[in-house]
Amino acid sequence: MEAFQLLARGGARFDKRRFGEDVQLFDKAKRDKGKGVERVAEGDLPAELDFFKYAQGGPAKRSARADGEGEAEGHGETSDRRKKRKLTDEDVERTEKSDEDDPPMPRHRVTTKGSNVPEHINSFQQLQEKYQIPYNLLSNLSQCGYKRPTGIQSHGIPILMESRDIAAISPTGTGKTLSYLLPVMSLLGSPISRTKADLGAGVRALILAPTRELAHQIHNECLKLAQGRKWRVVLFSKATASTLADKSVRDKIDIIISTPLRLVSALQTGSLELHNVRHVILDEADRMLDAEFLSQVQEVIAACTHPEVQKAVFSATLPAGAEKVAMSMLRDPIRVVVGLKDTPLPLIAQSLTYVADDPSKLPTLLQYLSQPYNPPLLVFVSTQPRATSLAEELVLNGIPNVDCLHAGMTRKEREDAVTRMRRGESWVMVSTEVMARGMDFKGVREVINYDFPQSVQSYVHRIGRTGRAGREGKAITYFTNDDAPFLKTIANVLLQSGSSVPEWILKLPKPSKMKRRQMGKVKRAEAVNNASRVGRNDAIKKKEMIAGSKRRKEKASLKTQGSGAEQGSHSESPDAYRSLA
DNA sequence: AAAAAAC
């Protein structure tokens, strides 16, 4: 019992501290209310996140695509133009209108598939009437500023409440976490009570996420909903795992939130049983079901032997292959798709920027950072060393408040980086794919794909770090000559979600054809590039020399075209691409 | 197709 107290307190204390921070920010935000027109309760920016005072261009309002600016943006937008951009009357009007009429979230078409689909709800209050959701949960909900359900919430929650399995696909930043936390906590009824034998002994709900950071974030959300009741919500880590040695302790846990491998190792050492688990949620389902995670996830699910275990998968993207695997795991599932699958939010203004080659990226970014921008800016790179060295380069070049986050860092370093980000202390956050999924930093207005994303899914999730909870966002993707084989695929995604793409990119040959043509020589070069540190690294430079003088000759001729920084409009294709057309 | 992340 003492051990349990320790666990509960230890876990809770730590999280209260984190949560306390949030509360602090939230309170501060309340005090600062009324500063800006477009700020709604949930979206209040704490003073720490009020970067507009630094960015003289003001909030980068998205201009209507119809006025032709969309085309210019990114490819051709000159620094001058970007600097001068101001709110137009039309923009202001739109902002005000959306505040009055529109829900905080954009409306999406919702399609459901499956047998006996429960009717969706239109308000959270309806949940009380229809499903007797505990009042405590609803009151915590409104405490957190949730007013009306988003698309996935209004459709997903009833499905889960009726104990059905679900595969839910909903765009980034549309409230998926709440869609499963609320019903799971409601179905669990009350925190485990030692007197009710029918609840069984042992963990009753399990939430799996692909990264530590995301698990942590889900835990925080869960604690918000858990306020006022003695829920045992455990963020599974090495520390908590060791306190579970005592079976009477682990039998009293309500919900575990964890990454798969952590859980698998606990299962293998016998320090955890999952036979009483009634709800299993896979967040970022497609990621959880890809090659590296699949066997771990399967092992965990196999350990959930309770006959009435409810399973649910959630993601913004779900490629056909992953969907098949997911569906095979679910029992009589209902499939809910909000908006278009594998598509970013139209509220994110996306653009592509040509940067010729890897060495040209840094000057392009520095040039960008010398202009007014909206911090915090999230910069994605492909590898850990590149994240570290890009962050170093930016610091050396005098960029203030640069941070870095990748999985090669220690647990504490990673936590600190996230904390700085949450507090608004980071202005430029350089990161790998760790940050690409699920992370919810409300203040992020801009994402830069410094290294080209390796898949449509990666692209959608990365840029989905902005444009959250109905806010606007901006995403810029650098592309080099080496990215040619994948450019068109990504360009189609931009097009699909309402951003514009230069004609010439759309005219590129089919990716498959180009891949065949280019792969052989490009692949090797890319491997070297990926390993190389950004900018300078003599050892790698040497390797690169060996890699082929042929490729360098190509590069040399391209450089004369100017580094991306001075690029004008790219309505014309760069030379390197012209030969592909 | 491949890196990252999971420990």
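Residue numbering restarts at 1 for every chain, and letters A, B, ... go by the order of the sequence lines. None of these values were measured; they are calculated from a predicted model. The analysis underlying the following values was restricted to heavy atoms, covering all of them including side chains, and did not include hydrogens, waters or symmetry mates.
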Restricting to side-chain contact (heavy atoms from CB on, under 4.5 Å), what partner residues turn up for [X], sequence neighbours left out?
{"X": "A/A326", "answer": "A/L289, A/V313"}
{"X": "A/R262", "answer": "A/F236, A/K238, A/A241, A/S258, A/T259, A/S265"}
{"X": "A/K247", "answer": "A/R250, A/D251, A/E273"}

For [X] and [N], what is the distance between atoms [atom1] and [atom2] respectively, to the nearest whole Å?
{"X": "A/Q457", "N": "B/dA5", "atom1": "CD", "atom2": "C1'", "result": "17 Å"}
{"X": "A/L294", "N": "B/dA4", "atom1": "CG", "atom2": "P", "result": "21 Å"}
{"X": "A/Q296", "N": "B/dA5", "atom1": "CD", "atom2": "C1'", "result": "9 Å"}
{"X": "A/M435", "N": "B/dA6", "atom1": "CE", "atom2": "C1'", "result": "17 Å"}

[X]: partners by salt bridge (charged side-chain N to carboxylate O under 4.0 Å, His left out), with sequence neighbours left out:
{"X": "A/K176", "result": "none"}
{"X": "A/R212", "result": "none"}
{"X": "A/D286", "result": "A/R437"}

For A/R414, which contact category applies under a 4.0 Å heavy-atom criterion: base, sugar-phosphate, or nothing? sugar-phosphate
Taking any heavy-atom pair under 4.0 Å as a contact, classify A/S458: base, sugar-phosphate, or nothing. nothing
Just to confirm, is there a sub-4.0 Å distance from OP1 or OP2 of B/dA4 to any side-chain nitrogen or oxygen of A/R462? no
Looking at B/dA3, I'd like to know if its phosphate oxygens (OP1 or OP2) sit under 4.0 Å from a side-chain N or O belonging to A/T432. no
Contact list for residues 292-305 of chain A, test side-chain hydrogen bond (donor to acceptor under 3.5 Å, both in side chains), sequence neighbours left out: A/Q268-A/E299
Please list, in numerical order, the residues of residues 205-215 of chain A that have a heavy atom closer than 4.0 Å to any atom of DNA chain B. A/P210, A/T211, A/R212
Using a 4.0 Å cut-off on heavy atoms, which residues in residues 259-268 of chain A reach DNA chain B? List them by number, or say none. A/T259, A/L261, A/R262
How are the rings of A/F479 and A/Y577 set relative to one another: parallel (under 30°), tilted (30 to 60°) or perpendicular (over 60°)? perpendicular
Determine, step by step, whether A/D342 and A/I169 satisfy the side chain to side chain contact (heavy atoms under 4.5 Å, CB included) criterion, reporting the C-alpha distance in whole Å, the side-chain angles of both residues, the deciding distance to 0.1 Å, and the verdict. CA-CA 9 Å; A/D342 301 347; A/I169 301 155; 5.8 Å; no
Looking at B/dA4, does its base get a donor-acceptor pair with the side chain of A/Q454 below 3.5 Å? no
On a plain distance test, is the side chain of A/R386 in donor-acceptor contact with the base of B/dA3 below 3.5 Å? no
